[in-house]
Amino acid sequence: MNKQMITNQRIKEQYIKVEHPTGLTILLYPMKGYSSAYALFGTKYGSTDRSFKTNLDDDFVTVPDGIAHYLEHKLFESEDGVDAFSLYAKTGANANAYTSFDKTAYLFSCTDNFKESLEILLNFVQSPYFTKETVEKEQGIIGQEIRMYDDDAGWRVLFNALGCMYQNHPVKVDIAGTVESISHIDKDLLYRCYNTFYNLNNMVLAISGNFDPDEALQIINANLKENEKITIERGSYQEPAEIVQNRKEISLEIALPLFCIGYKMQPASGKEQLKAEVASDLINELLVGEGSELYRQFYDTGLISGGAIGSEVMDGNGYFCNLFEGESRDPDQVYAFIQQKVSQLQKDGIPKEEFELAKKMLYGRCMRQFNNVEAVASNLLDSYFSGVDVYDRIETVANIQYQDVVDFLKQYDNEKSVISIVFPVGKES
């Protein structure tokens, strides 16, 4: 048995998956010798789920943009006026929540009082309380948050790039919505979204770190509520392959121009999506990673601030794109260099030794994540919602072949690439 197989076997032995009678999927990964525990209670419900129906509904409903994020805010409140953060202050746990395009998650980390902290998490997420007055009050708070992001250069450069790539898909819309869209949210819509997506059949509880799995299951059994099993049908958005436009620029009060370069690609799901993610990560490493020719060029010329350019794969239900982000005195030159490098690799081929090195580096990064309590729980939840297991990524990296990456490189189409730039005020192109 080789080293990779031994490592994968160890991961599988630590991983506990339980399908609870209520419909909740429970994913546990105890890590002996660690000081903290980390828990995520998540639902497969994000900002792009704006059209949906259940098997109990006659028709689809379309809800205002930003309602998933709005619901996340409201769940921390309770009928007795004591919010969840106040309860966590007594246990000493650090608590938070987030909404993304495809999911909403509530979390805590702790070194002590795990039982009490887990009980708080399970109880407040399962106890919605909305009134006309509290919903209207929240509009002002979230409206202020939206206006703050309107002035955030990093946020704007990203969503402008997404808006250049996507014609119909709501991935192009700010996760929090707009001030106008959230004005249409009321308690009835919030309850409809909650009752649809916070059904335990659509949820996952992921826990990692220093905890006793048997104790955790006892706490879970004592605090889960019965709910009717439903099926959810999500709207499709008929997204064409073509981009909207290849360029968008604005100006804000910043020191150096920010850019986001995007390549729009064919969406996938399940293990095909995972394989596409791994292929993209390897290609991005070959294009702009610290061992790449472009990285050295950017560093030597000072074209990229700090020399480094960030890259990420952004994908989910009905969308898949690769993004390159950074700070540069000449973003258009960076864009031209990346396009040229893509064309060169497609024409001349990927050097095999560079592919093998990138593959080893990616495998190492995947393995190191299993030494991080927070990363393990996050990967448990993300993997499940993507239709794969947490160890599938490691196996995909280990098994991906040179030709797989060469074939996927064809999806990097310069005709379907875009650039979004935020210039300093007074220094526009």
Side-chain angles (χ1 to χ4, degrees), residues 2-12 15 27 29 100-103 171 261-292 294-295 309-325 338 341-342 345-346 349-372 375-413 416-417:
N2 63 35
K3 184 177 180 181
Q4 289 181 348
M5 292 176 64
I6 293 171
T7 303
N8 293 349
Q9 184 63 32
R10 176 183 63 80
I11 292 169
K12 291 179 182 181
Y15 174 47
L27 307 175
Y29 196 90
S100 68
F101 296 122
D102 303 300
K103 68 182 76 69
V171 71
I261 296 163
Y263 279 80
K264 184 178 183 180
M265 297 178 174
Q266 185 69 29
S269 60
K271 290 193 176 181
E272 285 302 312
Q273 180 181 17
L274 180 56
K275 188 174 181 180
E277 289 175 5
V278 170
S280 293
D281 283 337
L282 291 170
I283 292 168
N284 294 351
E285 183 68 30
L286 294 167
L287 285 170
V288 298
E290 291 188 5
S292 69
L294 273 185
Y295 173 85
I309 179 171
S311 67
E312 67 172 311
V313 182
M314 184 174 287
D315 60 335
N317 181 25
Y319 65 95
F320 193 111
C321 60
N322 274 279
L323 303 175
F324 303 92
E325 300 168 294
I338 289 176
K341 189 63 178 179
V342 166
L345 289 176
Q346 289 172 337
I350 298 171
K352 287 191 175 182
E353 63 276 12
E354 293 184 19
F355 161 77
E356 292 295 343
L357 180 59
K359 181 176 174 178
K360 290 178 181 178
M361 290 175 62
L362 182 57
Y363 187 86
R365 284 202 296 269
C366 290
M367 289 308 308
R368 286 194 295 274
Q369 287 191 326
F370 282 90
N371 294 323
N372 182 294
V376 169
S378 297
N379 288 338
L380 287 170
L381 183 138
D382 292 346
S383 298
Y384 182 82
F385 283 156
S386 295
V388 298
D389 278 316
V390 69
Y391 47 79
D392 285 341
R393 182 173 180 82
I394 297 174
E395 294 185 346
T396 301
V397 175
N399 295 327
I400 197 164
Q401 300 299 307
Y402 173 81
Q403 192 59 46
D404 296 328
V405 177
V406 171
D407 291 341
F408 193 82
L409 181 61
K410 297 172 185 176
Q411 286 209 43
Y412 283 71
D413 185 348
K416 295 176 183 175
S417 68

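What you are looking at is a predicted structure, and each value in this text was computed from that prediction instead of being measured.
By the 4.5 Å heavy-atom criterion applied to side chains, Asn372 and Val376 are not counted as neighbours. You'll find the side chain of Pro351 reaches within 4.5 Å of the side chain of Leu345, heavy atoms only. Taking 4.5 Å as the limit, every side-chain heavy atom of Glu356 sits out of range of all side-chain heavy atoms of Tyr402. Leu323 places none of its side-chain heavy atoms less than 4.5 Å from the side chain of Ile261. Taking the side chain as every heavy atom from C-beta outward, Ile309 and Tyr295 never approach each other to under 4.5 Å. Counting heavy atoms from C-beta on, the side chains of Val390 and Arg393 never come closer than 4.5 Å. Within the 4.5 Å cutoff, the side chain of Leu381 has heavy atoms near those of the Phe385 side chain. Looking at Leu282 and Lys359, their side chains come closer than 4.5 Å, going by heavy atoms from C-beta outward.
The CD atom of Glu354 sits 8.5 Å away from atom OG of Ser292, with the distance rounded to the nearest 0.5 Å. The structure places NZ of Lys103 at 4.0 Å from CG of Asp382, a figure rounded to the nearest 0.5 Å. For the atom pair CG of Asp281 and CG of Asn322, the computed distance is 8.0 Å after rounding to the nearest 0.5 Å. Remark: Glu290 CD to Met361 CE distance equals 7.0 Å, nearest 0.5 Å. Note that the OG atom of Ser417 and the NZ atom of Lys264 stand 12.5 Å from one another [nearest 0.5 Å]. Going from atom CD of Gln401 over to atom CZ of Phe355 covers 6.5 Å, rounded to the nearest 0.5 Å.
Across every non-hydrogen atom of Met314 and Phe101, the tightest pair is SD-CE1, 3.7 Å. Smallest separation of non-hydrogen atoms from Gly318 and Pro267: C-CB, 3.6 Å. Counting all heavy atoms, side chain and backbone alike, Gln273 lies closest to Phe320 at O-CE1, 4.3 Å. For the residue pair Gln266 and Gln411, the shortest heavy atom distance occurs at N-OE1, 3.0 Å.
Open room surrounds NZ on Lys271; 12 or fewer heavy atoms of other groups in view lie less than 6.0 Å from it. For CD of Glu272, the number of neighbouring non-hydrogen atoms (other residues, nucleotides, ligands) closer than 6.0 Å is 12 at most.
For Tyr263 and Tyr412, the gap between ring centers is short of 6.0 Å.
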| For Glu285 and Arg365, what are the C-alpha separation, side-chain angles and deciding distance, and is it a side chain to side chain contact (heavy atoms under 4.5 Å, CB included)? | CA-CA 12 Å; Glu285 183 68 30; Arg365 284 202 296 269; 3.9 Å; yes
| task | With side chain to side chain contact (heavy atoms under 4.5 Å, CB included) as the test, would you mind laying out the steps for Ile283 and Val342 before giving the verdict? | result | CA-CA 9 Å; Ile283 292 168; Val342 166; over 6 Å; no
| request: Decide salt bridge (Lys or Arg N to Asp or Glu O under 4.0 Å) for Lys275 and Asp392; before the verdict, give the C-alpha distance in whole Å, the side-chain angles of both, and the deciding distance to 0.1 Å. | output: CA-CA 10 Å; Lys275 188 174 181 180; Asp392 285 341; over 6 Å; no
| request: Begin from the C-alpha positions of Asp102 and Asn317 and carry the test side chain to side chain donor-acceptor pair (under 3.5 Å) through to its verdict. | output: CA-CA 7 Å; Asp102 303 300; Asn317 181 25; 5.9 Å; no
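When each of Asp404, Leu286, Leu287, Ile350 is checked for a side-chain contact (heavy atoms from CB on, under 4.5 Å) with Leu409, only Ile350 meets the rule.
No hydrogens or angles considered: nothing links the side chains of Asp389 and Ser383 as a donor-acceptor pair under 3.5 Å.
Ring planes of Tyr29 and Phe370: tilted class, angle from 30 to 60°.
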